[in-house]
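Accompanying notes for the structure given below.
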Amino acid sequence: RMKYHEMDVEQVVNPRGLTTSDLITYIVKKHHVFGRNVIEKIRHLMSEMDHSLPQFAEFEDKAEAFFTELLDHFDDEEVHVFPQVFEAVEQRGERSPSPKHKMMIMKVEKDHVRAETQMKFLIEMSNSIGLPAQVVSDAFRELEEDLEVHMELEQQELHRRVRMIYQLSP
């Protein structure tokens with residue numbers, strides 16, 4: 001796993017103004033860390049809930065599948081995707097464009113769309129089966145709000161920069 005430099009993410013006013021390397025570090029240190037923490041919080045809250053609620057087992061299974069997929073996505077970005085972008089930035093984009101990099105961006109963007117859809121489904125399901133709002137629904141909304149900002153920052157800013165580095169068409 002790549003080591004990301006230290007950064008006080010709370011001091012960052014405009015992440016879009018960061019260098020590409022700092023933007024990646026910001027995404028990891030702010031959004032990936034937050035996502036991991038909220039997922040652990042939700043897992044803990046769910047473990048303390050009344051498991052006899054109708055459809056709770058189904059909800060728990062779907063939530064766990066979503067968490068696993070999202071955490072795998074974070075790991076994939078941190079271990080495979082972001083290090084390649086760091087390397088490209090260091091080479092000042094002199095590497096010749098590769099279809100592999102365009103496919104990499106397309107996969108990440110597809111993962112983002114899937115995560116958004118799954119997140120909305122889980123929130124709707126948590127409401128429909130009567131989970132206490134202050135327990136799980138609010139934590140899911142926190143995660144949803146952070147994911148929206150996180151994915152927009154990646155797609156609108158980071159992916160645009162990657163396309164420029166590799167001279168890829170959108």
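No hydrogens, no waters, no symmetry mates; every other heavy atom, side chains included, goes into these values. Numbering starts at 1 and runs along the sequence shown.
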If you take all heavy atoms of [X] and [Y], which pair is closest and at what distance?
X: L147; Y: M119; value: CD1-SD, 3.9 Å
X: L18; Y: L23; value: CB-N, 3.9 Å
X: F140; Y: A63; value: CZ-CB, 4.1 Å
X: P83; Y: V79; value: CG-O, 3.4 Å
X: A139; Y: V38; value: O-CG1, 3.5 Å
X: M151; Y: A115; value: SD-CB, 4.5 Å

Are H51 and F59 close enough that their ring centres sit under 6.0 Å apart? no
Quick one: pull up [atom1] in [X] and [atom2] in [Y] and give me the separation to the nearest 0.5 Å.
X: E78; Y: I24; atom1: CD; atom2: CD1; value: 11.0 Å
X: L143; Y: F66; atom1: CG; atom2: CZ; value: 5.5 Å
X: E60; Y: I42; atom1: CD; atom2: CD1; value: 12.5 Å
X: F74; Y: I27; atom1: CZ; atom2: CD1; value: 11.0 Å
X: E142; Y: D138; atom1: CD; atom2: CG; value: 7.5 Å

Taking R114 first and then E109, would you say they form a salt bridge - that is, a charged N and a carboxylate O separated by under 4.0 Å? no
Examine the side chains of [X] and [Y] and answer whether a donor and an acceptor come within less than 3.5 Å of each other.
X: E154; Y: H150; result: yes
X: H32; Y: E77; result: yes
X: H73; Y: E69; result: no

Within a strict 4.5 Å, meaning less than it, do heavy atoms of the [X] and [Y] side chains meet?
X: D76; Y: D72; answer: no
X: V33; Y: V28; answer: no
X: L158; Y: L153; answer: no

Are D22 and K29 close enough, and set up right, to give a salt bridge (Lys or Arg N to Asp or Glu O under 4.0 Å), and what steps lead you there? CA-CA 10 Å; D22 284 347; K29 299 264 184 189; over 6 Å; no
Working note: H31 + Y26, criterion ring-ring contact (aromatic ring centres under 6.0 Å, His included); need CA distance, chi angles, decisive distance, verdict. CA-CA 8 Å; H31 297 292; Y26 176 83; 5.7 Å; yes
Could you please spell out the steps behind the side chain to side chain contact (heavy atoms under 4.5 Å, CB included) verdict for I39 and L71? CA-CA 9 Å; I39 286 170; L71 294 171; 3.8 Å; yes
Go through the steps to decide whether R141 and E144 satisfy the test salt bridge (Lys or Arg N to Asp or Glu O under 4.0 Å), and finish with yes or no. CA-CA 5 Å; R141 281 196 180 79; E144 179 186 40; 5.3 Å; no
Can you confirm whether more than 12 heavy atoms, excluding those of [X], are under 6.0 Å from its [atom1] atom?
X: R160; atom1: CZ; result: yes
X: K62; atom1: NZ; result: no
X: E48; atom1: CD; result: yes

Do F121 and F67 sit in one hydrophobic cluster, given that two such residues count as connected whenever their side-chain heavy atoms are within less than 4.5 Å of each other, even indirectly? yes
Can you get from M46 to I129 by hopping between Ile, Leu, Val, Met, Phe, Trp and Tyr side chains that sit under 4.5 Å apart? yes
Test salt bridge (Lys or Arg N to Asp or Glu O under 4.0 Å) on E157 and R161 and set out the steps. CA-CA 6 Å; E157 193 62 35; R161 294 181 191 189; 3.0 Å; yes
